[in-house]
S.K.: 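One structure, as structure tokens, below. Some questions next.
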Amino acid sequence: MIPALMPTYNRADLAFERGDGAYVWTEDGRRFLDFGSGIATTSLGHAHPHLVKTIAEQAAKVMHVSNLYRVPQAEKLAARHVANSFADSVFFCNSGAEANEGMIKAVRKYHAENGHPEKYRMICFEGAFHGRTLATLSATGNEKYLAGFGPPVDGFDHVPFGNMNAVRDAITPATAGILIEPIQGEGGVRPADLRFLKDLRAVCDEFGLLLALDEVQTGMGRSGKLWAHEWAGIEPDVMSSAKGIGGGFPLGAVLAREAVAKHLKPGTHGTTYGGGPLACSAGNAVLDVVLADGFLAGVDRVARYLWKGLEALAARHPHVAEGVQGAGLLVGLKLRPEVSNSEMQAACVAEGLLTVAAGMNVLRVAPPLIVTEAQVDEALALMDRACTKLTPAKSPALAK
Ligand SMILES: *Cc1c(COP(=O)(O)O)cnc(C)c1O
């Protein structure tokens, strides 16, 4: 019989009751070190006092009013994002997929309003992940995810990640923009070359295309800078954000330059929940922490410490791991073909450590941004034990 909760996920048999910082406890009292952060989302860890207090106080005042009225919390949050990014204006929504939908619509609208409605196609990349709605699935382009859902939404052309010649070849008079994750998250924690990102910016300028960055996973400090594209020294025309932006409270955003944003006039795009008082209070609380003096420098420092530790771990366990990839606190441990990431993930759970599998047989390590070096040491020790249990000598299944 089908479970009452629709079975769209293969869930681990763990139910968490409470959390504190980088730790979570199950209902039966087992403690786990959380280096998955609910898929790179609980940026401040669990039960962060400032976030909890802010949400509780706002919930007791007013939770939802709709966008028929002014929402001061959203005005404040938008102004702060504008002050700290390339963007001139921000649209708030509820999730990553919804942010990408808004971003894709903004790109199409820009060209239509500039007299080029024929420019509606976006160049996307193999291995990308942009969400599960029909348009974002089409932008994702993964056959496995698209199967059975009818014709994909038209307007997305896929080229190999990192291949500038392929990008140039794919540009036609119908091309409106380029859509890319600075680091492919679900696709295997695969960073784009900084040179490649610079070249994409240049080709967009050359052909009058919009550069649309999906920073749903890479943004809000996870890379060690507020936005991952800052490492490349470029600015997009439009960008999506979600995951860490609300610290675990559902919140998404489309950040755009004025030239793009000005065409999304009343009636062109909307959401009932998006940008409400509660979600935007959460977003402001997250920003209070992430923008505090020295916080991002601290993320960068602990990220470098984690990276070194993971490289040493990979060197100690060459039968399990091949190397480390990613940036900041979004790191992938690339595993040997003999060891599947789900096997490694389960071995970590057995040791009391949560991580997340990603594509290309990568184990994703994404601790909360408030993680300490001591907690990194603890995680590395747990992973070391998991690796030891997975080496062929110790595991008959792998020795075959
Ligand atoms: C998670 C993710 C999405 C989708 O976000 P949802 O909130 O699940 O809709 C889109 N793009 C990237 C890069 C993501 O990591």
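When a ligand or atom number is given, it counts from 1 through the structure's own listing order. Any value given below was found using the heavy atoms of this structure, including those in side chains, with hydrogens, waters and symmetry copies removed. Model, not experiment: these values are computed from the prediction. Position 1 is the first residue of the sequence; numbering continues from there.
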S.K.: Report every pair formed by an N or O atom of ligand 1 and a protein N or O atom separated by less than 3.5 Å, giving atom names and the distance to 0.1 Å.
M.R.:
| from | atom 1 | to | atom 2 | distance (Å) |
| --- | --- | --- | --- | --- |
| ligand 1 | 7 (O) | G96 | N | 2.8 |
| ligand 1 | 9 (O) | G96 | N | 3.4 |
| ligand 1 | 9 (O) | A97 | N | 2.7 |
| ligand 1 | 11 (N) | F129 | O | 3.2 |
| ligand 1 | 11 (N) | D214 | OD1 | 3.4 |
| ligand 1 | 11 (N) | D214 | OD2 | 2.8 |
| ligand 1 | 15 (O) | Q217 | NE2 | 2.6 |
| ligand 1 | 15 (O) | K243 | NZ | 2.6 |

S.K.: Enumerate the ring-ring contact (aromatic ring centres under 6.0 Å, His included) contacts for residues 239-271, please, sequence neighbours excluded, ordered by first and then second residue.
M.R.: F91-H269
S.K.: Quick one: sort the H48 and H50 rings into parallel, tilted or perpendicular, breaks at 30° and 60°.
M.R.: perpendicular
S.K.: Can you confirm whether or not the ring centre of F196 sits under 6.0 Å from the ring centre of F125?
M.R.: yes
S.K.: Tell me, yes or no, whether the heavy-atom count around Y120 atom OH, taken from other residues, nucleotides or ligands under 6.0 Å, exceeds 12.
M.R.: yes
S.K.: Does atom CZ of R316 have more than 12 heavy-atom neighbours, drawn from other residues, nucleotides or ligands, at distances under 6.0 Å?
M.R.: yes
S.K.: With a cut-off of 6.0 Å (strictly less than), are more than 12 heavy atoms of other residues, nucleotides or ligands near NZ of K198?
M.R.: yes
